[in-house]
Amino acid sequence: MRTTRTLRTALLTAAVAGLAATALPTAPASAAPAAPKFLSAGQWPASLTPWTAGPVRQGLPGDGSFCTAGTIPAKGTRHRDFRTELDTGARQTITVAPTTAKAKALAAELRTALATCLDRLKEQEPGLEGVSRYHGRVNVEEGAHVYSIDTSYPEVGSTDIGLHSVGRDGRTVTVLEWGQLGDLDGAPLKGFRKTTGTAVAKLH
């Protein structure tokens with residue numbers, strides 16, 4: 001049960017501090033490309049209480065997702081945590097790869113990591129039950145793909161639902177994670193698909 005709790009804790013941890021950087025104006029010819037844009041709090045599926053956005057942080061989160069651990073590189077990566085006053089949390093991670101080919105490969109690796117996540121969880125957690133589903137492609141930029149992982153411990157009656165997506169725009173790959181207590185029937189799948197489309201569209 002420890003791993004499931006860790007997954008939920010990772011999604012529900014609110015960011016408490018952040019790093020901010022300011023750049024001096026430079027001539028247009030030497031200006032660096034604009035950094036990819038993150039979702040705002042209001043762009044997540046509606047919840048019973050408002051979403052709060054943490055600061056954008058450099059690198060990988062300290063409490064990273066079990067599903068994608070070891071897949072996303074720290075270099076070129078930033079992340080942002082979101083939370084509500086209830087037992088619901090989310091995270092967006094953005095990685096800018098050195099080349100389009102490497103971004104494409106990263107997106108494919110992340111899709112595999114999400115598709116196999118439940119099987120790996122079951123190997124670590126005897127007694128865990130669950131259903132993993134692929135919910136199709138979102139047609140935005142180079143495409144995005146949506147997954148759900150519904151887990152439970154029948155012996156104690158606990159259930160958790162996580163929605164995940166991976167999308168790419170050129171060299172930029174973004175991962176969305178949303179989680180709460182409950183099951184897929186109570187999850188805003190349609191809203192999450194819309195959020196995924198918004199996230200990829202606003203990267204650049």
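These values consider heavy atoms only, across backbone and side chains, with no hydrogens, waters or symmetry-generated copies.
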Q: Decide whether F66 and Y153 are clustered together by the hydrophobic rule: side chain heavy atoms of Ile, Leu, Val, Met, Phe, Trp, Tyr closer than 4.5 Å, transitively.
A: yes
Q. So, R80 side chain and R57 main chain: donor-acceptor pair closer than 3.5 Å or not?
A. no
Q | Between T49 and E85: side-chain donor-acceptor atoms closer than 3.5 Å | A | no
Q. Do R168 and E141 pass the side-chain contact (heavy atoms from CB on, under 4.5 Å) test, and can you show the C-alpha distance, the side-chain angles, and the key distance before you say yes or no?
A. CA-CA 7 Å; R168 182 173 69 88; E141 301 301 340; over 6 Å; no
Q) Run the side-chain contact (heavy atoms from CB on, under 4.5 Å) check on V173 and I94 step by step: do they pass? A) CA-CA 6 Å; V173 178; I94 296 176; over 6 Å; no
Q) When you measure from the side chain of T68 to the backbone N and O of T71, does any donor-acceptor pair fall under 3.5 Å? A) no
Q.
Using every non-hydrogen atom in the two residues, find where R120 and A113 come nearest and quote the distance to one decimal.
A. NH2-O, 2.5 Å
Q. When you check the side-chain N and O atoms of K194 and Q43, is any donor under 3.5 Å from an acceptor?
A. no
Q) Distance-only, no hydrogens or angles: does the K202 side chain make a donor-acceptor pair with backbone N or O of F38 under 3.5 Å? A) yes
(Q) In this structure, would L176 and L189 fall into the same cluster of hydrophobic residues linked by side-chain contacts under 4.5 Å? (A) yes
Q) Which distance, rounded to the nearest 0.5 Å, do you find between the CG of L118 and the CD of E123? A) 10.5 Å
**Q.** Rounded distance [0.5 Å steps], OG in S152 versus CG in D160
**A.** 9.0 Å
**Q.** CA sep, side-chain torsions, deciding dist, call: V175, Q92, side-chain contact (heavy atoms from CB on, under 4.5 Å)
**A.** CA-CA 6 Å; V175 176; Q92 181 180 13; over 6 Å; no
(Q) Test your reading of the model: is there a side-chain donor-acceptor pair from D150 to the backbone of L184, 3.5 Å cut-off? (A) yes
Q | Reported CZ-to-OG1 distance for the pair R78 and T95, which is rounded to 0.5 angstrom | A | 10.0 Å
Q. So with a 6.0 Å cut-off around NZ of K122, is the heavy-atom count from everything else above 12?
A. yes
Q. Are any side-chain N or O atoms of R83 and backbone N or O atoms of T88, one a donor and one an acceptor, separated by less than 3.5 Å?
A. no
(Q) Any donor-acceptor pair under 3.5 Å linking the side-chain atoms of Y147 with those of H135? (A) no
Q) Looking only at heavy atoms, which two atoms of V200 and A144 are closest? And how far apart? A) CG2-CB, 4.2 Å
Q) Got a second to check how far R171's CZ is from L106's CG, nearest 0.5 Å? A) 12.5 Å
**Q.** Cluster link W51 to L163, ILVMFWY, side chain under 4.5 Å
**A.** yes
Q. Is there side-chain contact between V138 and V146, with heavy atoms separated by less than 4.5 Å?
A. yes
Q) Could you go step by step and tell me if T174 and T93 meet the side-chain contact (heavy atoms from CB on, under 4.5 Å) rule? A) CA-CA 6 Å; T174 188; T93 304; 5.9 Å; no
Q: Output the distance between atom OG (S158) and atom CD (E155), rounded to the nearest 0.5 Å.
A: 10.0 Å
Q.
Between R91 and D63 (salt bridge meaning N to carboxylate O under 4.0 Å), is one present in this structure?
A. yes
Q | Any side-chain heavy-atom pair of P36 and V96 under 4.5 Å | A | yes
Q.
Any donor-acceptor pair under 3.5 Å linking the side-chain atoms of E129 with those of T151?
A. no
Q) What closest approach, in Å, do I161 and A187 show between heavy atoms, and which atom pair accounts for it? A) CG1-CB, 4.0 Å
Q: Please work out whether the ring planes of F192 and W44 are parallel, tilted or perpendicular, with thresholds of 30° and 60°.
A: tilted
Q.
Within the 4.5 Å heavy-atom criterion, are L39 and F82 side-chain neighbours or not?
A. yes
Q) If two hydrophobic side chains count as joined below 4.5 Å and joins carry through other members, does L114 share a cluster with Y134? A) yes
Q: Work out which heavy atom in G127 is nearest to a heavy atom in P154; give both atom names and the distance.
A: O-CD, 3.8 Å
Q.
With no hydrogens and no angle check, just 3.5 Å: does a side-chain donor-acceptor pair link S148 and H164?
A. no
Q) Measuring from H145:NE2 to R137:CZ, what's the distance to the nearest 0.5 Å? A) 5.0 Å
**Q.** Side chain to side chain, H204 and T172, heavy atoms closer than 4.5 Å
**A.** yes
Q: Locate the shortest heavy-atom distance separating S165 from T196; write the atom from each residue and the value.
A: OG-OG1, 2.9 Å
Q: Compare every heavy atom of L203 with every heavy atom of D169, then report the nearest pair and how far apart it is.
A: CB-CD1, 4.1 Å
